[in-house]
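Here's the structure, in C-alpha cells; my notes come after.
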Amino acid sequence: MIRLEKRPQPSKAWSLATPLVAVLATMLAGGLLFAILGKDPVEAIRTIFWEPLFGEFAFYYRPQLLVKGAPLVLIAIGLSLGFKAGIWNIGAEGQYIMGALFGAGVGLAFYPLEAWYIFPLMVIAGGFGGWLWASIPAYLKVRFGTNEILVSLMLVYVAEQFLASMSLGLMKNPEGFGFPGSRNLQQYESAYNADLIAGTGMHWGVVAALIAVIFAYVLLNRHMTGYHIRLTGEAPRAAKFAGVNPSRLILFCLGTSGILAGLAGLFEVSGPSGQVSIDFNVGYGFTAIIVAFLGRLHPVGILLAGGLMALTYIGGDIAQANLQLPSSAIQVFQGMLLFFLLAFDLLTNFRLSFGKPEVA
Amino acid sequence: MTEVLLSLKGLTKAYPGVVANDSVSFDIGEGEVHALLGENGAGKSTLVKMIYGLVKPDSGEMTLRGKAFAPGEPRQARADGIAMVFQHFSLFDALNVAENIALGMENPPKLRDLAAKIREVSETYGLPLDPYRTVGDLSAGERQRVEIIRCLLQDPKLLIMDEPTSVLTPQEVDILFQTLEKLRAEGTSILYISHKLEEIRTLCDHATILRLGKNVGECVPAETSASEMAELMVGSALTPPERGDREFGAVALDISGLSVPSPSAFGTALRNVHLTVRRGEILGIGGVAGNGQDELLSVLSGETLTEADAVKLGKDPIGRLGPVARRALGVLAAPEERLGHAAAPDMSLTENAMLTGATREGLVKNGFLKWAAAKEFAERVIKEFDVRTPGPENAARSLSGGNLQKFVIGREVLQRPEVLVVNQPTWGVDASAAAAIRQSLLDLAAGGAAVICISQDLDELMEISDSFAALNEGRLSAPRPAAGLTVEEIGLMMGGAHGMEVAHV
C-alpha cells in the first residue's frame, strides 16, 4: 500500500525539482497525446520547445517570446501576491481588458495631438483601469464578505461586453469604413509602445515586467507588507496575532494585481496589438494563473515560467501550422503542465511511503 | 454493584518522557454509570483509548465479562460491544444524518431501512433527530445525538462518553442526561469522562479519580461533596510555594465591565469581566477549558477590539488598539495554540521571531525588515530559553511542542513587557522546562512587570500566582489572594457557585 506521510519540514530539493519534473511529465503525457492523434510525438515536442529558440526562423520567434512572455509575467506577479495570502483573483483577464480600454481611451482622446506626456498618461490610466476593476471584488469582499473568486471571474465577462461595446461604438475608428475596432495606435506616435530596440520585441511592457519581478522580490523578502502576505497565507490566525489587518491586505493584494494586469493590457493594446477590437483579449489573464503556480509563486520562478509558457504558446502555434496539430491539443498540453505541477507539488510537503501502516 | 462488566488491572502506558497511565485498575459494573474524573493531562484520554482499542497498553490486562479483552483496533472493540462518543465529532457536513451513520457501519442496510431504525432509536431514547437533515445545519447538541445514535445502533454493552457536555447548552445537557438514565435502566454501562463535578454528582453511580496517570481514589459521587472530589482530583498537596518578597506597584492593567459577544459558534462570550493587575503581581486565572480563556487572551492581545475604556494600561484606554500598537506600549501575549496562532508552522524561527518582535526589538525600519537582527533575536531566545533546535533557520513545526513553547514564551519575555498575558504556558511541556518557564514568569514579575497567567493547571497557578480568579462560562470570579486559598474554595470558584447549588439540591 502506498501512503503519504507529512514531512517534518518542506523539502527544499523537491520544491525546486517539481517544476522540472512536471515539465518532463508533461512532455511524456503530451507526446502520448500527440501520438494518439497520429503525429510524431518527438517531432511535435521538438517543434514546441526547440523550434522557437533555435530553429530556422528563430530570429522571428525570439522577439515573440518577449512579446508573449511580458504580459504573462506582469499579470502573474500581481496574482502571486494575492495567491500567497490566500486571496484568489481569478479575474485578471477582465482587469487586463479594462486597463487596455482606459489606456487606449486616454490615447484616443488626445488624437491627433503629438506630445511626450501622452504615453505616460496612458500608462497611469491603464493601471487605474485595472485597479478599479480589481477593487470591485476587493471592496465587496471586505464590506460584505463575498467570494472574490466568483466576483472577479464574473467581472471578466462584464469587461468583455465593455470591450465589444467600445470597439463597436465609442472607440470605433471613424475612418475605419465601418469595421469594428479603434484607430491603430501603432500609427499614432505619441501613443505607440514601440520596441525600445527595433526588432527585439523589447517594449515598455517587458521593462515593466522585469521591474515588477524585482519589486515583488523585494516586497516579499524585505518588506513588512510582503511578510504579512506570506504570514496570512501560512497561518491566518498567527497573522491576526501579529497585527495584520486582513481588510487592508485584501485591498492591497487585489489592487496591486489589478494594476499590473491593467498595465499589461495597456502595453499590449498600445504595442503588439495596436487597437481595441472585439477579440483583443486572448486569455493572458487566465494563463497567468498557470504561470504563477508554475513559478511556485516566487518572482524569479514566475519569470522563468512566463518564458516557458510563452514558448509553449509560440511553439504550439508553429506545431499547428507545420504539423496540423489541433489548437485544442495545445491547450490540453498547457493544462497538463499545471496539472502535473500541482500533483508533484504534493511531494514538497509529503513523502511516499510503501508498505503496511504500523498498528498503533 | 451487581456483576462486573469490564475490569481493568494494572494498565500502564508510557510515552517518551511521560507515563500517561501508571498501573490503573478499576471495575465497571453492569448497568453502572462510572465516572472517570481528573484534570487535563491526568491520563483519562489515554485510558479510554486503550479500552477502545486505539492505543495498546504496555502492560496490564482487561477482562470483559470474565473473558480476556485486548482489542487491537476499534473495530474489534466495537464488535465486543464497546462504543465511544468522542469529544470532537467526525461527521461530514454535506451529508445527511442517515448517510453519515451509514458511513460508519460495517454493513449498512438500505438507507430507507436505516432511516426508519434511526427514527425508532431516536424516539425510544428521547433524542429528537430527523434522519434526512443535513449535518451541516445541525447544532452541536444535535451532532452529538448523531454520534450517540450511531453508537446505540450497535447495541453496546459499554458506552464511553468523552466530556460530552463541553459543547452543549444546559437544555441539551438535560436531554442527554435523560437518555443516559434510560440507557442505564436498560442495563447499558456508561463510562463518563468529565471534570464537571456537579454533573458527576447527579449522574454517576461510582467515580474513579485519576491524577498524573495514577488511580488516586474512588468514591460514590452522591455521597461525596464536590470539594472532596476536587481535592482528590487536584491533590491535597496543593500548597503555594515560598515566594520571595515582592512589592506591588501601581495598577498596570485594568479591565472593567468588559463584555464581548462570542466570536464564533463554539466560542464563549465574555460577560462583565473585571480585573486589575499591579506591577510585580502575577494574577492566575483558572477554569475549565472553553470557558472564555481564548477569548480573554484575544481581548488582551488586541486581536479582539473592545470599547476603549474597557481595557486600560495604567490610566490610558487601549481597548481600541490593535496588537502592534499594544506591543509598542509593552502589552505582550502568548496564546495557547502554539502552531498556527503563536507561531506560523512552516516559517523558520527567525521569521517567527519577527512575528511579534518586529516592533519592540526594532527589527523593522521604514517598513523594511532587518533579517540579520531578527536572526540574532531568535538566537537569543533559543540560547536563553534552552530551545533544542539545530538553529533559527528551522521551521517552527519541526520543533517538539515543549521546545516551541519555550521559544514562544521566551520571545515575549525577552521583549521586556510591561504586561504579559500567557495562556497555558506549560501545556504539554516536560517538568523541567515547565519549571524554567514558571521561573521566568516569576523573574519577570520581580522585575516589575504585571503578569496574567491563564491556565488549567491548578498546581501551576498556586505555585506562581499572587492572586487567583476563575473563569466560568465567560464570567470571571472576583480575584482573591492566592495565599491561604483552600482547594475547596478554588473548586467552588471554578465550578461556579450557581452550578454547585444545583448539585446540592
Side-chain angles (χ1 to χ4, degrees), chain A residues 5-15 81 83-86 145 214-249 252 256 296-298 345-351 356-360, chain B residues 49-50 53-56 72-74 263 294 297-298 301-304 321-328 332-335 337-348 350-352 354-359 363-371 374 390 393-400 408:
Chain A
E5 267 176 14
K6 196 159 170 74
R7 295 178 191 271
Q9 296 221 46
S11 157
K12 281 250 158 51
W14 267 110
S15 161
L81 297 180
F83 291 175
K84 264 192 184 298
I214 295 165
F215 162 80
Y217 186 85
V218 172
L219 182 81
L220 288 173
N221 290 293
R222 294 268 176 269
H223 198 273
M224 202 66 186
T225 308
Y227 176 72
H228 282 169
I229 286 173
R230 288 193 290 135
L231 194 56
T232 303
E234 300 230 356
R237 221 168 147 213
K240 192 134 190 269
F241 177 57
V244 178
N245 179 338
S247 301
R248 213 181 294 164
L249 201 72
F252 175 83
T256 307
R296 331 244 24 190
L297 304 182
H298 187 283
D345 210 24
L346 196 74
L347 295 174
T348 310
N349 277 310
F350 292 85
R351 75 173 117 233
K356 273 175 75 80
E358 313 172 27
V359 179
Chain B
K49 279 180 186 163
M50 289 194 278
L54 281 165
V55 171
K56 261 196 189 141
E73 53 180 353
D294 283 350
L297 181 116
S298 146
S301 70
E303 288 163 275
T304 304
L321 299 181
V324 177
R326 289 197 196 188
R327 282 187 195 116
L332 306 185
E337 181 65 49
R338 295 179 280 251
L339 284 174
H341 193 183
D346 284 330
M347 284 188 161
S348 71
T350 303
E351 288 171 303
N352 274 302
M354 182 69 85
L355 192 121
T356 67
T359 320
L363 305 180
V364 59
K365 194 179 174 194
N366 299 327
F368 285 90
L369 309 171
K370 298 201 258 180
W371 284 120
E393 65 284 348
N394 283 68
R397 81 164 192 239
S398 71
L399 269 63
S400 72
V408 165

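Here is how names work: the chains are called A, B, and so on, in the same order as the sequence lines, proteins then strands, and each is numbered from 1.
- With a 4.5 angstrom heavy-atom cutoff, B/Arg327 touches chain A only via side-chain atoms.
- Take A/Asp345 and apply the salt bridge (Lys or Arg N to Asp or Glu O under 4.0 Å) test, not counting sequence neighbours, and it matches A/Arg296.
- For A/Lys84, the NZ atom sits in a packed shell: over 12 heavy atoms of surrounding residues, nucleotides or ligands are nearer than 6.0 Å.
- Geometrically, B/Arg338 does not engage A/Phe241 in a cation-pi contact defined by less than 6.0 Å to the ring centre and at most 45° from the axis.
- Only the side chain of A/Val218 has a heavy atom closer than 4.5 Å to any heavy atom of chain B.
- Residue with the most contacts toward chain A among B/Pro323, B/Pro345, B/Ala358: B/Pro323 (heavy-atom pairs, distance under 4.5 Å).
- Top candidate by heavy-atom pairs under 4.5 Å with chain B, chosen from A/Gly226, A/Ala235, A/Ala238, is A/Ala238.
- Summarising the local packing, CZ of A/Phe350 is surrounded by more than 12 heavy atoms from other residues, nucleotides or ligands at distances under 6.0 Å.
- Under the side-chain contact (heavy atoms from CB on, under 4.5 Å) test applied with A/Met224, the options B/Asn366, B/Leu363, B/Val364, B/Val324 reduce to a single match, B/Val364.
- If you tally non-hydrogen atom pairs under 4.5 Å between each of A/His228, A/His223, A/Glu234, A/Arg230 and chain B, the highest count goes to A/His223.
- Neither the backbone nor the side chain of A/Asn245 comes within contact range of chain B; no heavy atoms are under 4.5 Å apart.
- For the set A/Thr225, A/Val244, A/Asn221, the count of heavy-atom pairs under 4.5 angstrom toward chain B peaks at A/Asn221.
- Contacts with chain A were tallied for B/Gly322, B/Gly302, B/Pro335; B/Pro335 has the most, counting heavy-atom pairs under 4.5 Å.
- Note on B/Glu303, B/His341, B/Glu337: by heavy-atom pairs under 4.5 Å with chain A, the leading option is B/His341.
- Annotation: salt bridge (Lys or Arg N to Asp or Glu O under 4.0 Å) contacts of A/Arg237 (sequence neighbours excluded): none.
- Of the residues considered (B/Ser301, B/Ala333, B/Ser298), B/Ala333 shows the highest number of contacts with chain A, using heavy-atom pairs under 4.5 Å.
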